[in-house]
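Working notes, beginning with the structure itself.
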Amino acid sequence: MLDSLLAGVREDVAQRERAVPLGAVREKAASAPVVRPALPALEQPGVSLVAEVKRRSPSKGSLAAIADPAALARAYEAGGAAVVSVLTEARRFGGSLADLVAVRSEVGLPVLRKDFLVGEYQVQEARAAGADLVLLIVAALDDQQLGDLLALTRELGMEALVEVHDESELERAVAADARIIGVNARDLRTLEVDPGTPDRLVPLVPGDRVAVSESGISTAADVRRAAAGGARAALVGESLVTSSDPEAATRALVSAGLPGVS
Ligand SMILES: O=C(O)c1ccccc1NCC(=O)[C@H](O)[C@H](O)COP(=O)(O)O
């Protein structure tokens with residue numbers, strides 16, 4: 001799955017680059033609104049919530065129509081989320097950079113560009129659209145690419161959520177000096193969600209990094225489980241976008257992550 005996803009992403013990037021060359025995107029990134037630092041938002045005591053705008057997915061198909069992504073993000077903010085994640089991949093997730101621009105202009109939280117970033121063009125695009133944080137998936141990048149994209153992300157003032165799925169990817173993320181390390185319970189090759197993956201890997205994330213537990217989180221008990229392993233944040237998509245009251249659903253997960261709640 002990951003390889004075919006990446007092939008589509010590369011085609012789409014090449015098409016966008018033919019329409020708007022890298023130089024123009026760099027210029028736009030240089031004059032984008034100032035970055036909202038994501039690290040302090042994720043380092044609050046307890047488990048912070050990263051709430052995701054996600055219309056559909058390869059594993060589940062259509063999840064929610066989300067006609068107004070900014071309204072959804074406002075509900076997340078009102079419910080106490082620390083960061084909003086916007087899936088911008090179009091083919092499989094139905095997202096776009098326009099969603100990110102809309103969300104960023106209507107909430108005061110840091111915003112994550114959740115996509116499959118494979119080169120400079122997408123990092124510059126992310127900043128140009130106002131992103132404060134980008135996703136870098138270790139399985140999609142070699143060490144050189146990971147280091148280069150992380151360095152570029154920081155040059156532009158942003159941080160990266162560096163995503164891993166097994167011990168060797170975690171070692172690579174740590175060696176690349178990732179400060180925010182996401183452990184995805186979803187295996188991006190098989191799409192299976194195994195909560196045992198963050199249970200196993202989050203405790204291995206060094207204490208000077210921020211560990212984020214990702215995918216398959218829908219209940220207060222799931223958030224408490226993430227907290228027990230040492231996660232500083234939980235990234236949640238499906239259970240929030242499919243809720244009839246996303247603000248209340250956000251608040252329930254945020255409350256479960258407050259320090260002292262067990
Ligand atoms: O969600 C998928 O099916 C998926 C498939 C292939 C690559 C990535 C995928 N999802 C991206 C994510 O990491 C999730 O959107 C995110 O962790 C939230 O997960 P969930 O709460 O289970 O929607």
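Sequential numbering from 1 along the given sequence is applied to the chain's residues. Just so you know, ligand 1 is whichever comes first in the structure, and atom 1 is the first atom listed for that ligand. These figures come from a predicted structure and were not determined experimentally.
- Residue-level proximity to ligand 1 for Arg186 is carried by the side chain, the only part with a heavy atom below 4.0 angstrom.
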Next item on the list: Would you please test Val9 and Gln122 for side-chain contact (heavy atoms from CB on, under 4.5 Å) and show each step?
Entry: CA-CA 10 Å; Val9 164; Gln122 294 158 292; 3.4 Å; yes
Check: Where do Val223 and Ile217 land on the side-chain contact (heavy atoms from CB on, under 4.5 Å) test, with the steps shown first?
Finding: CA-CA 7 Å; Val223 173; Ile217 294 169; 4.0 Å; yes
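- Ranking the protein heavy atoms by distance from atom 9 (C) of ligand 1 puts Phe93 CZ, 3.5 Å first.
- Against a heavy-atom cut-off of under 4.0 Å, Pro58 is close to the following atoms of ligand 1: 2 (C), 3 (O), 4 (C), 5 (C).
- Contact check for Val83 versus Leu109: no side-chain heavy atoms found under the 4.5 Å cut-off.
- Among Ile181, Leu170, Val183, the one residue that satisfies the side-chain contact (heavy atoms from CB on, under 4.5 Å) test with Val202 is Val183.
- Among all protein heavy atoms, the one lying closest to atom 7 (C) of ligand 1 is Leu188 CD2, 3.4 Å.
- The N/O atoms of Glu238, backbone and side chain alike, include one that comes under 3.5 Å of an N/O atom in ligand 1.
- For atom 1 (O) of ligand 1, the nearest protein heavy atom (residue, atom name, distance) is Lys54 NZ, 2.8 Å.
- Annotation for ligand 1: atoms under 4.0 Å from non-hydrogen atoms of Val236 are 21 (O).
- Summarising the geometry, atom CG belonging to Leu133 is positioned 7.0 Å from atom CG belonging to Leu42; distances are rounded to the nearest 0.5 Å.
- With respect to atom 5 (C) of ligand 1, the closest heavy atom belonging to the protein is Leu191 CD2, 3.4 Å.
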Next item on the list: I would like to know whether Leu188 and Met1 meet side-chain contact (heavy atoms from CB on, under 4.5 Å); could you show each step before the answer?
Entry: CA-CA 7 Å; Leu188 301 191; Met1 167 53 68; over 6 Å; no
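- Closest heavy-atom approach to atom 12 (C) of ligand 1 among the candidates Glu214, Met1, Lys114: Lys114.
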Check: What do the steps show when you test Asp99 against Ile66 for side-chain contact (heavy atoms from CB on, under 4.5 Å), and what is the final call?
Finding: CA-CA 10 Å; Asp99 287 347; Ile66 314 183; over 6 Å; no
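- Minimum interatomic distance between Arg127 and Leu156 (heavy atoms only, all atoms of both residues): CD-O, 3.4 Å.
- Those atoms of ligand 1 that come under 4.0 Å of a heavy atom in Glu52, given as number and element, are 14 (C), 15 (O), 16 (C), 18 (C).
- With Ala139, Gly237, Ser239 as candidates, the residue nearest to atom 21 (O) of ligand 1 on a non-hydrogen basis is Gly237.
- Ion pairing of Glu192 with Arg186 is absent here, as no side-chain N (NZ or NE/NH1/NH2) approaches a carboxylate O to less than 4.0 Å.
- Where the criterion is an N or O separation shorter than 3.5 Å, residue side chain and backbone included, Gly216 meets it with respect to ligand 1.
- Looking at Glu169, its side chain does come within 3.5 Å of a backbone N or O of His165 through a donor-acceptor pair.
- Of all atoms in ligand 1, numbered sequentially from 1 with element shown, those under 4.0 Å from a heavy atom of Leu235 are 16 (C), 17 (O), 18 (C).
- Close approach to Ser59 involves these atoms of ligand 1, each under 4.0 Å from a residue heavy atom: 1 (O), 2 (C), 3 (O).
- Ligand 1 has an N or O atom lying under 3.5 Å from an N or O atom of Asn184, backbone or side chain.
- In terms of protein heavy-atom proximity, atom 17 (O) of ligand 1 is closest to Ser215 OG, 2.7 Å.
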